[in-house]
Trainee: 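Let me begin by handing over the structure; questions about it come next.
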Amino acid sequence: MSPHSHRSLTEDVIHRKLSNGLTLLIKELHAAPVVAIDTWVEVGYFNEEDDQVGISHVIEHMFFKGTTLRPRPDQIAAEVKALGGELNAGTYYDFTHYYFTMPAQSFSRGLEIQADALLNPLVDPEELARELEAIVQESRRKLDNPSAFAAEKLYELAFRKHRIRRWRIGQEDSLRSFSREQLLEYYRRHYTPKNIILSVAGDISAERVVEEGEKLLGGLPAGDGVV
């Protein structure tokens, strides 16, 4: 990508702050009738204590697995797909993010669903137990992946004392020990407006994003935003 094309992607990004401190980044792109809604949270593997390794990734897995308003674990995914969209998420050392891409006409519904997931996590204990087993299997597959194993082993050998040395997805016994209460405590501690950036790009007006963002997310308590 040339320097000029890089600038064209980043210029005209609109920055706004909601009343509670949550950051909005908005890029109007009207070439196609689609929109991406991406919630970034400044929390990841580096924020975990030694007895919490992997908890950020567990929360990522549970984020779209039910809310008090949408209690079925498949309900959010089904609603997003019914709107013509798709969803996914990812966890890394210093961030976690959750995104939808969908037709622009579905923006309001999409933002409402994502706000519901952010504000009203259910973390059903039975669903959590099932998801923890899925993460254990993911960890085992990673152990069998030479490039993934080599990368994490390199970090372990390169640093004498740093959280990057840890097997970031977590060990089986500790993963299985996570409770609903532990997840919610970690969630409430880190998923605060100070740590959240809502990024919206696509065929949508910035004014509408700000208006609906304030309406749907402005009520999220400010909290301490401990990082």
Side-chain angles (χ1 to χ4, degrees), residues 36-67 70-81 85-102 113-114 117-118 121-187 189-191 195-196 199 227:
I37 306 168
D38 201 343
T39 297
W40 297 80
V41 188
E42 294 183 68
V43 62
Y45 301 114
F46 285 162
N47 300 89
E48 301 165 350
E49 302 295 338
D50 287 343
D51 61 350
Q52 298 175 322
V53 177
I55 195 170
S56 300
H57 182 231
V58 175
I59 289 173
E60 178 220 311
H61 273 243
M62 295 300 296
F63 190 81
F64 293 137
K65 290 290 185 175
T67 72
R70 295 175 168 87
R72 295 198 326 268
D74 65 339
Q75 195 166 348
I76 289 177
E79 288 190 25
V80 170
K81 290 177 182 178
E86 61 180 16
L87 73 165
N88 213 327
T91 307
Y92 203 56
Y93 290 108
D94 55 357
F95 67 82
T96 309
H97 75 122
Y98 309 89
Y99 63 90
F100 298 162
T101 54
M102 56 181 48
I113 294 169
Q114 198 161 131
L118 185 64
L122 185 60
V123 193
D124 176 74
E126 292 185 5
E127 184 62 26
L128 174 60
R130 285 191 289 268
E131 206 61 35
L132 287 173
E133 289 305 313
I135 295 170
V136 166
Q137 294 305 315
E138 183 179 345
S139 179
R140 291 176 178 175
R141 290 194 300 273
K142 190 173 181 179
L143 280 168
D144 289 335
N145 182 315
S147 61
F149 180 83
E152 296 220 18
K153 181 59 69 173
L154 175 63
Y155 292 143
E156 180 184 344
L157 295 172
F159 291 84
R160 290 185 177 182
K161 186 177 182 180
H162 196 287
R163 289 181 176 181
I164 202 171
R165 299 184 76 249
R166 305 177 305 194
W167 183 251
R168 66 188 185 194
I169 202 170
Q171 303 296 333
E172 293 187 21
D173 289 345
S174 61
L175 284 169
R176 290 192 174 103
S177 73
F178 285 136
S179 67
R180 178 178 189 270
E181 290 71 26
Q182 284 175 291
L183 263 67
L184 288 176
E185 192 281 329
Y186 187 86
Y187 187 89
R189 181 175 174 83
H190 293 285
Y191 279 62
N195 293 341
I196 296 172
S199 171
V227 176

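Note that these values count all heavy atoms, side chains included, but never hydrogens, waters or copies made by symmetry.
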Trainee: Is the closest side-chain heavy-atom distance between Pro121 and Phe63 below 4.5 Å?
Mentor: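 Sidechains of Phe63 and Pro121: no contact.
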Trainee: Which heavy-atom pair separates Ser139 from Ile169 by the least distance, and what is that distance?
Mentor: OG-CG2, 3.3 Å
Trainee: Flag the pair Leu184 / Arg180 as yes when at least one side-chain heavy-atom distance between them is below 4.5 Å, and no otherwise.
Mentor: yes
Trainee: So, Asp94 side chain and Gly44 main chain: donor-acceptor pair closer than 3.5 Å or not?
Mentor: no
Trainee: Kindly compute the distance separating CG (Asp74) from CZ (Arg72), expressed to the nearest 0.5 Å.
Mentor: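 That separation rounds to 4.5 Å.
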Trainee: Is there side-chain contact between Val80 and Met102, with at least one heavy-atom pair below 4.5 Å?
Mentor: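 SC-SC contact between Val80 and Met102 confirmed.
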Trainee: So does Glu127 pair up with Arg130, basic N to acidic O under 4.0 Å?
Mentor: yes
Trainee: To the nearest 0.5 angstrom, please state how far the CZ atom of Phe95 sits from the CG atom of Asn47.
Mentor: 12.0 Å
Trainee: As a test of understanding, state which of Leu183, Ile59, Val58 forms a side chain to side chain contact (heavy atoms under 4.5 Å, CB included) with Val123.
Mentor: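 Filter result, single survivor: Leu183.
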Trainee: Roughly how far, to the nearest 0.5 Å, is the CD atom of Glu156 from the NE2 atom of His162?
Mentor: 14.0 Å
Trainee: Locate the shortest heavy-atom distance separating Thr91 from His57; write the atom from each residue and the value.
Mentor: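 Answer, listing the atom of Thr91 first, then His57: OG1-CA, 3.7 Å.
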Trainee: Which value, rounded to the nearest 0.5 Å, describes the distance between Tyr93 atom OH and Tyr155 atom OH?
Mentor: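 The distance works out to 5.0 Å.
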Trainee: Go through the steps to decide whether Phe159 and Leu154 satisfy the test side-chain contact (heavy atoms from CB on, under 4.5 Å), and finish with yes or no.
Mentor: CA-CA 9 Å; Phe159 291 84; Leu154 175 63; over 6 Å; no
Trainee: Take His61 and Ile135, measure what side-chain contact (heavy atoms from CB on, under 4.5 Å) needs, and give me the verdict at the end.
Mentor: CA-CA 8 Å; His61 273 243; Ile135 295 170; 3.7 Å; yes
Trainee: Any carboxylate oxygen within less than 4.0 angstrom of a Lys/Arg side-chain nitrogen, looking at Arg189 and Glu185?
Mentor: no
Trainee: Can you see which heavy atom on Ser56 is nearest to which on Tyr45, and at what distance?
Mentor: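 Minimum heavy-atom separation between Ser56 and Tyr45: OG-N, 4.2 Å.
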Trainee: So Phe64 and Asn88, do their side chains get closer than 4.5 Å, heavy atoms only?
Mentor: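 Not in contact.
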Trainee: Could you check whether Thr96 and Trp40, counting side-chain N and O atoms only, form a donor-acceptor pair closer than 3.5 Å?
Mentor: no
Trainee: For Asp173, is the CG atom crowded, meaning more than 12 foreign heavy atoms sit under 6.0 Å from it?
Mentor: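 Result for CG/Asp173: open.
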Trainee: Run the salt bridge (Lys or Arg N to Asp or Glu O under 4.0 Å) test on Lys81 and Glu86 for me, step by step, so that the C-alpha distance in whole Å, both residues' side-chain angles and the decisive distance to 0.1 Å come before the verdict.
Mentor: CA-CA 6 Å; Lys81 290 177 182 178; Glu86 61 180 16; over 6 Å; no
Trainee: Could you go through Arg163 and Glu48, starting from their C-alpha distance and side-chain angles, then the distance that decides it, and tell me whether this counts as salt bridge (Lys or Arg N to Asp or Glu O under 4.0 Å)?
Mentor: CA-CA 8 Å; Arg163 289 181 176 181; Glu48 301 165 350; over 6 Å; no
Trainee: Where do Ser177 and Gln182 come nearest, in terms of heavy atoms and distance?
Mentor: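 It is O-OE1, 3.3 Å.
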Trainee: Can you check whether Val136's main-chain N or O pairs, donor with acceptor, with Glu172's side chain at less than 3.5 Å?
Mentor: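 Between the backbone of Val136 and the side chain of Glu172 there is no qualifying donor-acceptor contact (under 3.5 Å).
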Trainee: Any side-chain heavy-atom pair from Val53 and Leu175 closer than 4.5 angstrom?
Mentor: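 Sidechains of Leu175 and Val53: no contact.
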Trainee: Taking all non-hydrogen atoms of both residues, which atom of Ile76 and which atom of Ala117 are closest, and how far apart?
Mentor: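 The answer is CD1-CB, 4.1 Å.
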Trainee: Side-chain contact test, heavy atoms from C-beta onward, threshold under 4.5 Å: evaluate it for Pro71 versus Leu122 and give yes or no.
Mentor: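 Result yes, sub-4.5 Å side-chain heavy-atom pair found.
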Trainee: Atom OG of Ser179 and atom CG of Leu128: how far apart are they, to the nearest 0.5 Å?
Mentor: 8.0 Å
Trainee: Might you work through the side-chain contact (heavy atoms from CB on, under 4.5 Å) test for Trp167 and Leu143, ending with a clear yes or no?
Mentor: CA-CA 10 Å; Trp167 183 251; Leu143 280 168; 3.7 Å; yes
Trainee: Taking atom types as modelled, is there a side-chain donor on Asp38 or His97 under 3.5 Å from an acceptor on the other?
Mentor: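 The criterion, which ignores hydrogens and geometry beyond distance, is satisfied for His97 and Asp38.
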Trainee: Which residue is it: Lys142, Arg166, Arg165? I am looking for the one with a side chain to side chain donor-acceptor pair (under 3.5 Å) to Glu152.
Mentor: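 Of the listed options, the one satisfying the test is Lys142.
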Trainee: To the nearest 0.5 Å, tell me how far Thr39 OG1 sits from Tyr98 OH.
Mentor: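 Between Thr39 OG1 and Tyr98 OH, I get 9.0 Å after rounding to 0.5 Å.
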Trainee: Working note: Phe46 + Ile164, criterion side-chain contact (heavy atoms from CB on, under 4.5 Å); need CA distance, chi angles, decisive distance, verdict.
Mentor: CA-CA 7 Å; Phe46 285 162; Ile164 202 171; 3.8 Å; yes
